[in-house]
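I have placed the structure first, in the form of structure tokens, so that the comments after it can refer back to it.
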Amino acid sequence: MVTDDDLLSRTRAAVWHPCTQMKQLEANPPLAIARGEGPWLIDPDGRRYLDAISSWWVNLFGHCNPRINAAITDQLGRIEHVMLAGATHAPVVDLSERLAQLTGLGHAFYGSDGSSATEIALKMSAHYWRNAGQAEKNEFISLKNGYHGETVGALSVTDIPLFKRTYEPLLRHSVQVPTPDARLAEPGESAEAFALRCAAMLEAHLAEHAARTAAFIIEPLVQGAAGMAMYHPVYLSRARELCDQYGVHLIADEIAVGFGRTGTMFACEQAPPLSLAGAGIKTVKPDFICLSKGITGGYLPLSAVLTTDAVYAAFYGDATAQGFLHSHSYTGNPLACRAALAVLDIFESDGIIAANREKAAQFTRLLDEVSAHPRVRHFRQCGMIWAFDVADVQPDFAAHFHRVALAHGVFIRPIGSTVYVMPPYVTSADEVRGLAQTLLVCLDHPDV
Ligand SMILES: *Cc1c(COP(=O)(O)O)cnc(C)c1O
């Protein structure tokens with residue numbers, strides 16, 4: 001029989017774990033997982049852990065969801081994969097049509113992960129300007145503390161020093177404009193007023209540098225890796241207006257916030273247009289949207305970038321090099337597309353967006369005691385994301401918090417001194433009640 005210890009020593013010897021100083025694995029061994037069921041992770045001995053962060057924000061409808069399992073199994077009996085250059089298949093066409101309908105953008109281009117989606121959007125934007133005779137527009141701006149992935153191009157627009165600093169010599173220069181993160185507002189200043197003040201600083205940058213700027217890439221409403229920093233949607237409204245005014249693309253990185261996480265299918269839907277109000281356009285529309293993570297319900301790696309007809313048209317012509325000659329081996333993988341189609345079916349047939357609105361309000365009430373805890377600062381919520389900062393933390397707070405929570409059957413990984421909860425949508429009120437109790441135990445624990 002394979003024991004836990006076997007697996008842990010073998011994983012240390014054979015696997016290089018992500019986002020991990022491997023030496024620390026000895027003190028903080030990874031959790032061995034044998035099975036999953038709904039929001040629960042189950043270890044080889046049958047111990048259960050609530051997946052309170054949806055396995056790095058990807059899971060929506062639980063582990064081993066029967067409907068997603070069935071869709072993938074059905075596809076397995078047809079074809080597992082065929083290259084998408086020179087071939088096509090129903091799952092990728094169906095998914096592209098449905099994503100177009102949902103986003104109001106079109107011509108879905110597929111990658112295998114979020115970082116690839118960022119790379120695709122950045123390349124498409126710069127290539128668009130080149131095709132439009134403005135090749136000098138090839139620089140990018142992003143928000144302070146933003147995160148868009150860690151491949152070399154994506155890392156260039158990411159602003160998390162721990163991930164970025166070491167690789168600085170490899171990266172292309174990009175500019176970060178002030179984040180509208182509501183925690184940074186002056187005392188007495190509303191989140192909205194602060195967002196508008198930050199937008200004015202965006203404008204100042206664009207006024208000077210638009211001629212060389214291809215795109216502004218942004219995580220709409222919530223900066224995930226920054227520690228679930230939330231901001232007022234007016235920033236997006238204003239950013240759209242300014243990007244239009246200065247001729248700069250707006251890239252919405254909805255990799256983490258898409259697929260219902262913030263309470264609407266896509267976070268951009270919460271930002272009303274400022275200048276076109278009344279013209280029948282109800283929400284801000286980016287020039288590019290990047291999707292991944294929840295797209296397959298956490299089943300298979302898949303990402304997509306959709307864009308406007310105007311961008312698409314600039315690539316369409318007789319010259320091969322005018323086209324977008326980017327590719328990944330697994331572009332449009334049929335199994336992943338079927339998982340994504342099953343996810344969209346669940347959203348539709350179960351009225352998930354409306355149901356989550358009730359759930360989110362209920363879960364927020366269940367977390368009342370947590371938000372009132374004397375160590376908790378900036379308790380915040382957006383859709384199915386909750387976060388708070390913890391005061392007076394011990395060294396290694398995140399690791400200690402993680403370990404204490406694990407001992408109580410909750411899998412959670414704070415970012416610095418920020419604790420966030422981002423459960424699968426199938427999590428029940430009882431499960432959140434248990435989670436709230438565990439969070440309180442952690443907050444009162446002497447090691448934390
Ligand atoms: C996770 C994430 C990415 C990168 O996705 P990967 O699949 O991890 O490469 C990019 N942008 C945002 C906002 C993310 O949360």
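All residue numbers refer to positions in the sequence shown, counting from 1. One-based numbering, in listed order, for ligands and for the atoms of each. Bear in mind that the values here come from a model prediction, so they are computed numbers and not experimental data.
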Can Glu37 and Arg48 be counted as an ion pair, charged N to O under 4.0 angstrom?
-> yes
A student comparing His148, Glu219, Glu254, Gln223 should find that the heavy atom closest to atom 10 (C) of ligand 1 comes from His148
Nitrogen or oxygen of Asp253 less than 3.5 angstrom from that of ligand 1 = yes
For ligand 1, which part of Ile255 has a heavy atom less than 4.0 Å away: the side chain, the backbone, both, or neither?
-> side chain
Close approach, Trp57 and ligand 1, non-hydrogen under 4.0 angstrom = yes
Is the shortest distance from a Lys or Arg side-chain nitrogen in Glu254 or Arg261 to a carboxylate oxygen in the other one below 4.0 Å?
-> no
Here the pair of heavy atoms bringing Met384 nearest to Pro423 is O-CD, 3.8 Å
Contact atoms of ligand 1, heavy-atom distance to Ala256 under 4.0 Å = 15 (O)
Heavy-atom contacts with Gly149 under 4.0 Å: which atoms of ligand 1 show up? List them by number with element.
-> 4 (C), 10 (C)
Note: Lys293, heavy atoms under 4.0 Å from ligand 1, region reported as side chain
Close side-chain approach of Leu291 and Phe266, heavy atoms under 4.5 Å = yes
At what distance is the nearest protein heavy atom to atom 5 (O) of ligand 1, and which residue and atom is it?
-> Gly114 CA, 3.1 Å
Purely on distance, is any nitrogen or oxygen of Ser115 under 3.5 Å from one on ligand 1?
-> yes
Carboxylate-amine/guanidinium proximity below 4.0 Å for Glu168 and Arg165 | no
Taking atom types as modelled, is there a side-chain donor on Tyr246 or Glu203 under 3.5 Å from an acceptor on the other?
-> yes
Specify whether the nearest protein heavy atom to atom 7 (O) of ligand 1 is under 4.0 angstrom away.
-> yes
Interatomic spacing from CD1 in Ile415 to OH in Tyr420 - rounded to 0.5 Å = 5.0 Å
